[in-house]
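Working notes, structure below.
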Amino acid sequence: MAERYDGKVVQITGAASGFGALAAQRFAHEGARLALSDVNAEALAETADNLRAAGAEVWEAPLDVSDASAVAAHLAEIGAQFGRLDVAINNAGVGHDMAPLHRLDEAEFDRMMAVNARGVFLGMKHQLPLMLANGGGAILNVASAAGLVGAGYLSAYAASKHAVVGLTRAAADEVARKGIRVNALCPSFASTPLFDEMADQVAARHGASRDEAYTRIAARVPMGRVARPEEVVQAMLWICDAENSFMTGQAISIDGGLTAV
Ligand code: NAI
């Protein structure tokens, strides 16, 4: 049976862990040819080797998404290796220690903006020419619920994720008539290594265990739990699917109702 991503070239950043690693697996399962990157070269190589062992076509290269010349070279290499780019998932991201804004170091603000916002800008800057040459494509930028609503004690992270939503909407407007759709995904709490770091901080603050922190955080979500990474990744597959042809410029929440109330 034909799979919906058969032969499609799919680029995923931050592919060594969490949503990115699972997305690589799921896109490969649906027939995609993968171009993967991550700043963590060792974990990236392991992810890519496992996918190849399972029969996937994978090209991978270490990449810091905040490095302009490295991103330009990476996308040029994707063009050379595959001759096209159909889907790009700008997923790499970092968080910071929870702290009130007046105690947050400006270096942390700069780091959030460099990786989360500049990283998405640079990605799209070099992905769009490849997609314009194809005559179409889909870009999905991983923002956050913190890109839509205030997230106390995560102000620099929230600022960077609001920037991702803004970049998404502007880019979508620019290329809407060129067959390229650009959307943002806004997950809330999902059990990945990045979230576990936050849960551990909540735990430390309350003298609780990580499990107790999960329960405390989950209590804020109308569905009463955090997301499974699969629930986020299935949305990536749906949003980027060519059959989902009239959705662009949207910030899609996958958050158990968190931002609805
Ligand atoms: P994760 O920490 O498991 O994975 C993030 C990956 O990005 C790691 O492999 C890391 O090495 C990589 N990375 C970090 N800095 C990088 C850089 N400068 N260049 C290239 N790669 C870099 O985290 P997770 O949860 O899978 O996060 C993926 C995305 O989802 C991030 O953008 C995050 O902000 C976002 N997100 C996560 C939520 C959650 O609850 N897990 C909620 C909302 C958004």
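Every number for a ligand or one of its atoms is a count from 1 in the order of the listing. Not measured: the values here are computed from a predicted model.
In this structure, the separation between CD on E231 and CG on L22 is 11.0 Å, given to the nearest 0.5 Å.
Using cut-offs of 30° and 60° for the angle between ring planes, the W59 and H74 rings count as tilted. Aromatic ring orientation, F189 versus F195: tilted (interplanar angle from 30° to 60°).
Of all atoms in ligand 1, numbered sequentially from 1 with element shown, those under 4.0 Å from a heavy atom of G14 are 6 (C), 7 (O), 12 (C). Heavy-atom contacts of D64 reach the following atoms of ligand 1: 17 (C), 18 (N), 19 (N) (cutoff under 4.0 Å). Listed by number with element, the atoms of ligand 1 under 4.0 Å from a non-hydrogen atom of V94 are 14 (C), 15 (N).
Not a single heavy atom of T13 sits under 4.0 Å from any atom of ligand 1.
Remark: minimum distance from atom 24 (P) of ligand 1 to any protein heavy atom is reached at T192 OG1, 3.6 Å. Atom 2 (O) of ligand 1 has L194 CB, 3.5 Å as its closest protein atom, hydrogens excluded (heavy atom only). Of the protein's non-hydrogen atoms, A190 N, 2.8 Å is the one closest to atom 40 (O) of ligand 1. Looking at atom 10 (C) of ligand 1, its nearest protein heavy atom turns out to be D38 OD1, 3.5 Å. Atom 16 (C) of ligand 1 has as its closest protein heavy atom V39 CG1, 3.6 Å. The protein heavy atom nearest to atom 42 (C) of ligand 1 is S188 O, 2.6 Å.
Any N or O atom pair closer than 3.5 Å counts here, and V65 shares at least one such pair with ligand 1. Ligand 1 has an N or O atom lying under 3.5 Å from an N or O atom of N91, backbone or side chain. Ligand 1 has an N or O atom lying under 3.5 Å from an N or O atom of F19, backbone or side chain.
Partner V65 forms a side chain to side chain contact (heavy atoms under 4.5 Å, CB included) with one of D38, V120, V115 and no other, that one being V115.
Residues that satisfy the side-chain contact (heavy atoms from CB on, under 4.5 Å) test with P100, not counting sequence neighbours, are H102, R103, Y153.
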